[in-house]
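Taking it in order: structure first as structure tokens, then the write-up.
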Amino acid sequence: MKLAKPLLFSAALALAAQAQAECPQAMPATQPSIPDGTTANEGTMLSAQAAVNEYIAEGDAFLACRELHPMLHNRLRSKLIQVAAAYNRELDSYLDRSELVAGR
């Protein structure tokens, strides 16, 4: 029984360390660049979409792991929303130009 307690403690400590290691230490440092939808090609838009999705996923992971002041949390969430909105505006421009959406 004396051996079981240190083993259980070690296992719990390892799990806690692993959970902390998966938690990002900071928000993503740089926002992805958003191409101009009126001139970008499909490859550029797809690449930007992947970069935006990754940026938002990393930001969401950071916010999920941290107990932040509500005002700071909202400010960081707003940055993520602004990047997504900027990409969506340019995607709309790209789709309008490419006539890929019916009825536009």
Side-chain angles (χ1 to χ4, degrees):
M1 189 64 162
K2 288 184 180 183
L3 183 59
K5 284 185 182 178
L7 288 176
L8 287 175
F9 178 73
S10 296
L13 188 59
L15 282 174
Q18 180 182 359
Q20 186 65 22
E22 292 173 1
C23 188
Q25 296 302 311
M27 281 288 286
T30 57
Q31 295 180 356
S33 84
I34 309 296
D36 181 355
T38 61
T39 60
N41 62 30
E42 182 179 6
T44 303
M45 293 304 294
L46 288 172
S47 181
Q49 180 182 18
V52 167
N53 287 341
E54 182 179 349
Y55 175 78
I56 291 171
E58 289 174 3
D60 284 342
F62 173 78
L63 291 173
C65 289
R66 300 285 183 250
E67 287 291 325
L68 301 173
H69 187 280
M71 288 174 47
L72 179 57
H73 178 93
N74 291 344
R75 181 172 180 252
L76 296 175
R77 170 71 58 207
S78 179
K79 283 184 177 183
L80 298 174
I81 291 168
Q82 289 171 1
V83 169
Y87 174 78
N88 287 334
R89 279 190 302 276
E90 295 306 324
L91 178 61
D92 283 343
S93 295
Y94 170 77
L95 294 174
D96 284 344
R97 178 179 56 90
S98 300
E99 298 178 9
L100 296 175
V101 177
R104 283 191 173 204

(request) Using the side-chain hydrogen bond (donor to acceptor under 3.5 Å, both in side chains) rule, collect all pairs that involve residues 31-40, keeping only residues at least two apart or in two chains. (result) Asp36-Thr38

Taking only distance into account, with no hydrogens and no angle test, what donor-acceptor pairs under 3.5 Å do side-chain atoms of residues 43-57 form with protein atoms, sequence neighbours excluded?
unit_1 : atom_1 : unit_2 : atom_2 : d
Thr44  : OG1    : Asn41  : OD1    : 2.8
Asn53  : ND2    : Gln49  : O      : 3.4

(message) Nearest 0.5 angstrom please: Ser93 OG to Glu90 CD, how far?
(response) 5.0 Å

(request) Provide the closest heavy-atom pair for Phe62 versus Gln25 in the form atom of the first, atom of the second, distance. (result) CE1-O, 3.7 Å

(message) Nearest 0.5 angstrom please: Leu68 CG to Arg75 CZ, how far?
(response) 12.0 Å

(message) Would you compute the distance between atom CG of Asn88 and atom CG of Leu95 and round it to the nearest 0.5 angstrom?
(response) 10.0 Å

(message) Return the CZ to CG distance between Arg66 and Leu76, rounded to the nearest 0.5 Å.
(response) 11.5 Å

(message) Can a donor-acceptor pair be found, under 3.5 Å and without considering hydrogens, that links the side chain of Arg97 to the backbone of Ala40?
(response) yes

(message) Are Ile81 and Tyr87 linked, directly or through intermediate hydrophobic residues, by side-chain heavy-atom contacts shorter than 4.5 Å (ILVMFWY only)?
(response) no

